[in-house]
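One structure below.
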Amino acid sequence: MSQQLSPVKGLPMDRDAGPFDPPAALRETRPVSPMLFPDGHEGWLITGYDAVRQVMSDARFSNRLDLGVVHVPYETPGMPVATEPSPQIPGLFISMDTPDHTRLRRKLTGAFTVKRMKQLEEGIIKITEQQLDAVAQLAPPVDLVREFALPVPSLVICELLGVPYADRETFQANSSKFMERDVNLEDKMAAFGGMMGYLGQLCADKRAEPGEDILSDLARDSDLSIEELTGMAFLLLLAGHETTANMLSLGAFALLENPARLDELRADPTLFPNAVEELMRYLSVADIFYRYATEDVEIAGETIPAGSTVVVSLLAANRDPAHFENPDVLDLHRKVRGQVAFGHGIHQCLGQQLARIEMRAGFEGLLRRFSGLRLAVPAAEVPLRTNMNIYGVHELPVTWS
């Protein structure tokens, strides 16, 4: 990497100014940019749409955290810059390459097919409507995160996995702490240990007495160790409620901040499926992902040397004006084909169809049941999750007429 490249210093991912600010616009000038980590290590930042898709589908970029050196790309108070590889966690296939990734993910393919999700849609809508009934009984203002956006995906994923919903306060508190940026390593690992301990016992119980749920189906598979089963349960539970909960709340915030879009949806409910895709593109709550170059690779005219840490921004890709016209505009009529909010390649989100159904049911139900839905505080007072690895809002106070 030559000196004249002038590496970007840290990730341009400041979203403090508002919920819809993408990273700095590097895409037009250099979609593949050298980046300087806080410890002085030089890596690469990928922001262009085509380059992001290429990196995420190229097997020469590894997902394994136990390769090379892993670096924290932003200053985190209380968190030392990591300079050692992270050990592989059994069952956590999101951080594995083939053939290990293929072996574990294949065991879940049947549970998350489009056909299977459509069969579950009626039950998901029922859960959504029951939660909306509960919201309607409350006196506004109401925190839409606590009363709706978090309970719905939590109820759905608990039912699918066979996790007792009564235990939600424990696993939600631990998952929230684990996803914080500004938390010391000891507290983060304590939260991780708490979740793994809880799920380890749950998986052992299901292996002894399996029921009718996804974790029980996995527990019946003698090819899986209890450690692998626990790691898979951790990944499914964390991803199953964190991302969808934040999309529901941040998506509602985006719509409430765009009254014309609300009117469009109310006038034409057939727009909801496309609205979900556009909101995913527009918000990209899961933004930053890491890869590790296992050999020299040329991307967009730049040679990324073997051993490089590569940071991929899905938000930047989804806001790339070379692929999406007027990308900073929320356009519910946009042809959103190809948005990468669910990732790309073999690691593309396994539960994306489930998330789509939950978001369609959630947004449609909210607008149908609460015709006068509006923010109960000025938009600037809505607390944003700028301290979390999954973006969103901590609270969303709303009222209605």
Practice item. Working to the nearest 0.5 Å, report the span between CE of Met359 and CZ of Phe363. Key: 6.5 Å
Point to revise | Asp320 side chain to Gly48 backbone, donor-acceptor under 3.5 Å | key: no
Point to revise | Lys/Arg N to Asp/Glu carboxylate O, Lys206 vs Asp213, below 4.0 Å | key: yes
Exercise for review: Kindly indicate, with the supporting measurements, whether the criterion side-chain contact (heavy atoms from CB on, under 4.5 Å) is fulfilled by Leu366 and Phe148.
Suggested key: CA-CA 9 Å; Leu366 272 175; Phe148 181 70; 3.8 Å; yes
Pair up each side-chain donor or acceptor in residues 259-270 with any protein partner under 3.5 Å, not counting sequence neighbours, and list the distances.
{"unit_1": "Arg261", "atom_1": "NE", "unit_2": "Glu264", "atom_2": "OE1", "d": "2.9"}
{"unit_1": "Arg266", "atom_1": "NH2", "unit_2": "Phe370", "atom_2": "O", "d": "3.3"}
{"unit_1": "Arg266", "atom_1": "NH2", "unit_2": "Ser371", "atom_2": "O", "d": "3.1"}
{"unit_1": "Asp268", "atom_1": "OD1", "unit_2": "Thr270", "atom_2": "N", "d": "3.2"}
{"unit_1": "Asp268", "atom_1": "OD1", "unit_2": "Thr270", "atom_2": "OG1", "d": "2.4"}
{"unit_1": "Asp268", "atom_1": "OD2", "unit_2": "Thr270", "atom_2": "OG1", "d": "3.2"}

Point to revise | Reported CE-to-CD1 distance for the pair Met56 and Ile346, which is rounded to 0.5 angstrom | key: 10.5 Å
Point to revise | Asp223 with Arg103: basic N within carboxylate O range, under 4.0 Å | key: yes
Point to revise | Verdict with reasoning, Leu314 to Thr47, per side-chain contact (heavy atoms from CB on, under 4.5 Å) | key: CA-CA 7 Å; Leu314 301 187; Thr47 56; over 6 Å; no
**Study point:** From Asp58 atom CG to His344 atom NE2, the distance as rounded to the nearest 0.5 Å
**Key:** 10.5 Å
Review point. Is the shortest heavy-atom distance from the side chain of Val311 to the side chain of Trp44 under 4.5 Å?
Key: no
Review point. If we ignore angles and hydrogens, is there a donor and acceptor under 3.5 Å between the side chains of Ser175 and His241?
Key: yes
Check your understanding: Can the ring centres of Phe289 and Phe61 be said to be less than 6.0 Å apart?
Key -> no
Check your understanding: Taking everything shown except Glu295 itself, do over 12 heavy atoms lie less than 6.0 Å from its CD?
Key -> yes
Exercise for review: Look only at the side chain of Arg374 and the backbone of Leu256, and say whether a donor-acceptor pair between them is shorter than 3.5 Å.
Suggested key: no
Check your understanding: Do any N or O atoms from the side chain of Tyr290 and from the backbone of Arg64 form a donor-acceptor pair under 3.5 angstrom?
Key -> no
Practice item. Count the heavy atoms belonging to other residues, nucleotides or ligands that lie under 6.0 Å from CD of Glu212, then report whether that count exceeds 12. Key: no
Revision key, fill the gap. Between Ala317 and Val340, the two heavy atoms sitting closest are CB-CG2, 3.9 Å
**Study point:** Atom CD of Glu298: over 12 foreign heavy atoms under 6.0 Å
**Key:** yes
Point to revise | Residue pairs, two or more places apart or on separate chains, that pass side chain to side chain donor-acceptor pair (under 3.5 Å) and touch residues 189-198 | key: Asp167-Tyr198
Review point. Can a salt bridge be assigned to the pair Glu277 and Lys335 using a cut-off of 4.0 Å between side-chain N and carboxylate O?
Key: no
Review point. Side-chain contact, heavy-atom cut-off 4.5 Å: Glu302 with Arg30?
Key: yes
Review point. Quick one: does Gln131's side chain have a donor or acceptor within less than 3.5 Å of a partner on Thr128's backbone?
Key: no
Exercise for review: Specify the closest pair of heavy atoms between Leu199 and Ala233, including all atoms of both residues, with the distance to one decimal.
Suggested key: CD1-C, 3.9 Å
Review point. Do Leu350 and Arg105 come within less than 4.5 Å of each other through their side chains, counting heavy atoms only?
Key: yes
Practice item. Could you tell me the separation between the CD1 atom of Ile94 and the CG atom of Leu236, rounded to the nearest 0.5 Å? Key: 10.5 Å
**Study point:** Side-chain (Asp287) to main-chain (Ser313) donor-acceptor, under 3.5 angstrom
**Key:** no
**Study point:** From CZ (Arg319) to CD (Gln339), nearest 0.5 Å
**Key:** 12.5 Å
Only pairs under 3.5 Å count here: list side-chain donor-acceptor contacts from residues 394-401, not counting sequence neighbours, and write none if there are none.
{"unit_1": "His394", "atom_1": "NE2", "unit_2": "Asn387", "atom_2": "OD1", "d": "2.9"}

Revision key, fill the gap. Ala300 and Pro31 have their tightest heavy-atom pair at CB-CG, 4.2 Å
Review point. Is the closest side-chain heavy-atom distance between Leu224 and Asp221 below 4.5 Å?
Key: yes
Revision key, fill the gap. CG of Leu384 to CG of Leu250, rounded to nearest 0.5 Å, is 8.0 Å
Exercise for review: Begin with the C-alpha distance, continue with both residues' side-chain angles, and end with the deciding distance and a verdict on side-chain contact (heavy atoms from CB on, under 4.5 Å) for Phe272 and Leu367.
Suggested key: CA-CA 11 Å; Phe272 276 104; Leu367 299 194; 3.9 Å; yes
Check your understanding: What closest approach, in Å, do Ala191 and Asn174 show between heavy atoms, and which atom pair accounts for it?
Key -> CB-O, 3.4 Å
Review point. Under a 4.5 Å cut-off applied to non-hydrogen side-chain atoms, are Val310 and Tyr292 in contact?
Key: no
Check your understanding: Taking 4.0 angstrom as the limit, do Lys177 and Glu180 come out as a salt bridge?
Key -> yes
Review point. Do the charged groups of Glu122 and Lys126 touch, with an N to O distance under 4.0 Å?
Key: no
Exercise for review: Check whether any side-chain heavy atom of Asn63 sits under 4.5 Å from a side-chain heavy atom of His101, and report yes or no.
Suggested key: no
Review point. When you check the gap from the basic side-chain N to the acidic O, do Arg369 and Asp133 get nearer than 4.0 Å?
Key: yes
Check your understanding: Given side chains that start at C-beta, do those of Val312 and Leu45 come closer than 4.5 Å, heavy atoms only?
Key -> no
Check your understanding: Taking Ser225 for the side chain and Glu228 for the main chain, is one N or O donor matched with an acceptor at less than 3.5 Å?
Key -> yes
Point to revise | Salt-bridge contact Arg281-Glu278 (side-chain N to carboxylate O under 4.0 Å) | key: yes
Practice item. State which residues pass side chain to side chain contact (heavy atoms under 4.5 Å, CB included) with Pro99; sequence neighbours excluded, sorted by chain then number. Key: none
Point to revise | Under 3.5 Å donor-acceptor, Ser57 side chain and Gly345 backbone | key: no
**Study point:** Side-chain H-bond candidate by donor/acceptor type, Ser62 with Asp97, under 3.5 Å
**Key:** yes
Check your understanding: Can you name the side-chain hydrogen bond (donor to acceptor under 3.5 Å, both in side chains) partners of Glu147, sequence neighbours left out?
Key -> none
Review point. Are the charged groups of Glu325 and Arg334 less than 4.0 angstrom apart, N to O?
Key: no
Check your understanding: Among side-chain atoms of Thr303 and Asp296, is any donor-acceptor pair under 3.5 angstrom?
Key -> no
**Study point:** Carboxylate-amine/guanidinium contact Arg53 Asp50, below 4.0 Å
**Key:** no
Review point. Between Phe93 and His347, is the gap from one ring center to the other below 6.0 Å?
Key: no
Which pairs of donor and acceptor atoms, one on a side chain in residues 149-160, lie under 3.5 Å apart (sequence neighbours left out)?
{"unit_1": "Ser154", "atom_1": "OG", "unit_2": "Leu150", "atom_2": "O", "d": "2.8"}
{"unit_1": "Ser154", "atom_1": "OG", "unit_2": "Gln172", "atom_2": "NE2", "d": "2.8"}

Point to revise | Flag, side chain of Asn389 to backbone of Met179, donor-acceptor distance under 3.5 Å | key: yes
Point to revise | Side-chain donor-acceptor pair present, Gln201, Asp205, cut-off under 3.5 Å | key: yes
Review point. What heavy-atom pair brings Leu202 and Pro164 nearest, and what distance separates the two atoms?
Key: CD1-CD, 4.1 Å
Practice item. Decide yes or no for Asn246 and Val393: does some side-chain heavy atom of the first lie under 4.5 Å from some side-chain heavy atom of the second? Key: no
Practice item. Would you name the heavy atoms of Ala51 and Ile299 that are closest together and state the gap between them? Key: CB-CG2, 3.8 Å
